[in-house]
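What follows is a single structure, written as structure tokens, with notes after it.
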Number of protein chains: 2
Amino acid sequence: MTVVDPASGSLAHLGLARSAVTGSTTAERAANAVREEVVEGRLRPGTRLPDTELAELLGVSRNTMREAMSQLVTERVLVRHPNRGVYVATPNIDDVRDVYRARRLIERAAIRWGEDADPVRIAALRAAVTEGQKAVAAGDWPAVASANQHFHRALVALAGSPRLEQQMALLLAEMRLIFHRMPEVREFHEPFVGRNDRVCALIEQGDREAAEQELADYLDEAEAQLLEAYAKL
Amino acid sequence: MTVVDPASGSLAHLGLARSAVTGSTTAERAANAVREEVVEGRLRPGTRLPDTELAELLGVSRNTMREAMSQLVTERVLVRHPNRGVYVATPNIDDVRDVYRARRLIERAAIRWGEDADPVRIAALRAAVTEGQKAVAAGDWPAVASANQHFHRALVALAGSPRLEQQMALLLAEMRLIFHRMPEVREFHEPFVGRNDRVCALIEQGDREAAEQELADYLDEAEAQLLEAYAKL
DNA sequence: CTTGTAGGATTGTTGAACAATCCATATGCT
DNA sequence: AGCATATGGATTGTTCAACAATCCTACAAG
């Protein structure tokens, strides 16, 4: 009865923790629940998501579920194949390139043209670095990945623009999808903790230009590694 | 029966040209129709949009209409006041500041770090400049405003990133909303046609740094003018 | 082996219904 | 009169049930 597609398997095994999900409207809560499942990797890229099945799992109506899914489609977390269903997005090599193109521009610009001396924002950046170092020490690799995300979010926050922060949040969600296509989480994220420290230190010293250059190299290397991994399929 | 709210008046007078509207799904078409009405200024900022009324006007069901409106809310074209309705967004002075903050970062970065010599993209930029000059010569001020938008879109296109272009499209849609709160379209847009030419010329000469600086001044001045106009309410 | 044609399933869309919430008005009290 | 409270109507938020359109699969025919 329940159709199982090649890339996924049934959805029934998912916890879809309804409890911890926040959001004011029902559709919003449903979207948050599914987004979390996706970015946490419990729903793998390529998984098909029939609205009727998800609606039942989350205890909402099909209409509400469809509204939530439309939302996630605009966020690029899901993709819609008209008349064929909605799937967890499967970023390809061009997506990787474009996400890095956008990140390079936004993050470098945030360093170069962000508020020059905002102690509280720089402290937040430092906190993200520390978080990553502690996670490495503890050997908690998912936490390392999270800390990395917090670092880049804090970097863009230097620009002081809610709109840019929101855009960055989207790009980072897409990054998690990209990572979930290649599961060597540990090897990938660990070396960047040290580079985060270096970028942060340069910003603390007020040398924005050097920080920007360091970050540019950093992003180039990360992209190159991902592209290589993606080339092997 | 039809409630008329202070800021708007009834919606019945709108053409809501169903014919020219494209889009694959019904909700998409409905969203496009409403977005067009808003950015073209036929639906003024602050106008209340009852779903039932809009659904009837567009000939779609209420469910579909609500999905379309949710989409426009995420685009910041509309805002939702929970349990109180959906309204055409009314950007305030902080929104103006933030939109310009984001634009300054993205547009300057696109100039500085865009593909250095992409003749076709630079030609598109030049075309937008010419379009503006022709519009000025013809005294067609709405066309001047459109050409300006095309110019800035072409600027971001230098970066070669679809994701950034999409983000820019959102920011430009918001700009139109900002303009519609102060109707001196002519006085505002005309002086910038010359500056577009200067920026474009500098890029054509390969002097990215000067172009970037010129654009930074340009955006600062535009923002200052808008903030002044907004301060007067 | 290709073409064509049902069959079944899922998506896209609609209409109607109902609870929850808000606004404005009317009511009652001091 | 002035103010708090109750009440009614309207709109939003959400659900349910239905149906048309589309697609995939399997099977039959050439």
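Quick note on labels: first sequence line is chain A, next is B, and so on, each numbered from 1. Keep in mind the model is a prediction, meaning the values are calculated, not measured.
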Looking only at heavy atoms, which two atoms of B:Val129 and B:Asn196 are closest? And how far apart? CG2-O, 3.9 Å
Interatomic distance, B:Asn83 CG vs C:dA19 P [rounded to whole Å]: 16 Å
Could I get the full list of salt bridge (Lys or Arg N to Asp or Glu O under 4.0 Å) partners for B:Arg76, not counting sequence neighbours? none
In this structure, how many angstroms lie between the P atom of C:dG12 and the NE2 atom of A:His81, rounded? 11 Å
Using a heavy-atom cut-off of 4.0 Å across all strands, would you classify A:Val60 as base, sugar-phosphate, or nothing? sugar-phosphate
Which residue lies toward the 5' end of DNA chain D, A:Asn63 or A:Pro82, if each is placed at its nearest nucleotide? A:Asn63
Mind calculating the distance between CZ (A:Arg66) and P (C:dT10) to the nearest angstrom? 14 Å
Name the closest nucleotide to the A:Arg48 side chain, picking from D:dT12, D:dT15, C:dT10. C:dT10
Check the distance between C:dG15's C1' and B:Met65's CE and give it to me in whole angstrom. 17 Å
At under 4.0 Å, does any side-chain N or O of B:Arg84 touch on OP1 or OP2 of D:dT11? no
Whole angstroms only, please: what is the CD-P distance between B:Glu28 and C:dT11? 18 Å
Qualifying residues under ring-ring contact (aromatic ring centres under 6.0 Å, His included), relative to A:Tyr100, sequence neighbours excluded: none
Listed nucleotide nearest any side-chain atom of A:Thr26, set C:dG15, D:dT15, C:dG12: D:dT15
Measure CG/A:Asp51 against P/D:dT15 and give the value in whole Å, please. 14 Å
B:Tyr87 OH to D:dT11 P: how many Å, rounded? 12 Å
Are any side-chain N or O atoms of B:Arg101 and backbone N or O atoms of A:Gly160, one a donor and one an acceptor, separated by less than 3.5 Å? yes
For the side chain of B:Arg62 and the base of D:dG13, is some donor closer than 3.5 Å to an acceptor across the two? yes
Given atom CG of A:Leu58 and atom C1' of D:dT15, what is their separation to the nearest angstrom? 15 Å
is_close_aromatic(B:Phe192, B:His152), centroid dist under 6.0 Å: no
C:dT14 phosphate, OP1 or OP2, under 4.0 Å from B:Thr64 side-chain N/O: yes
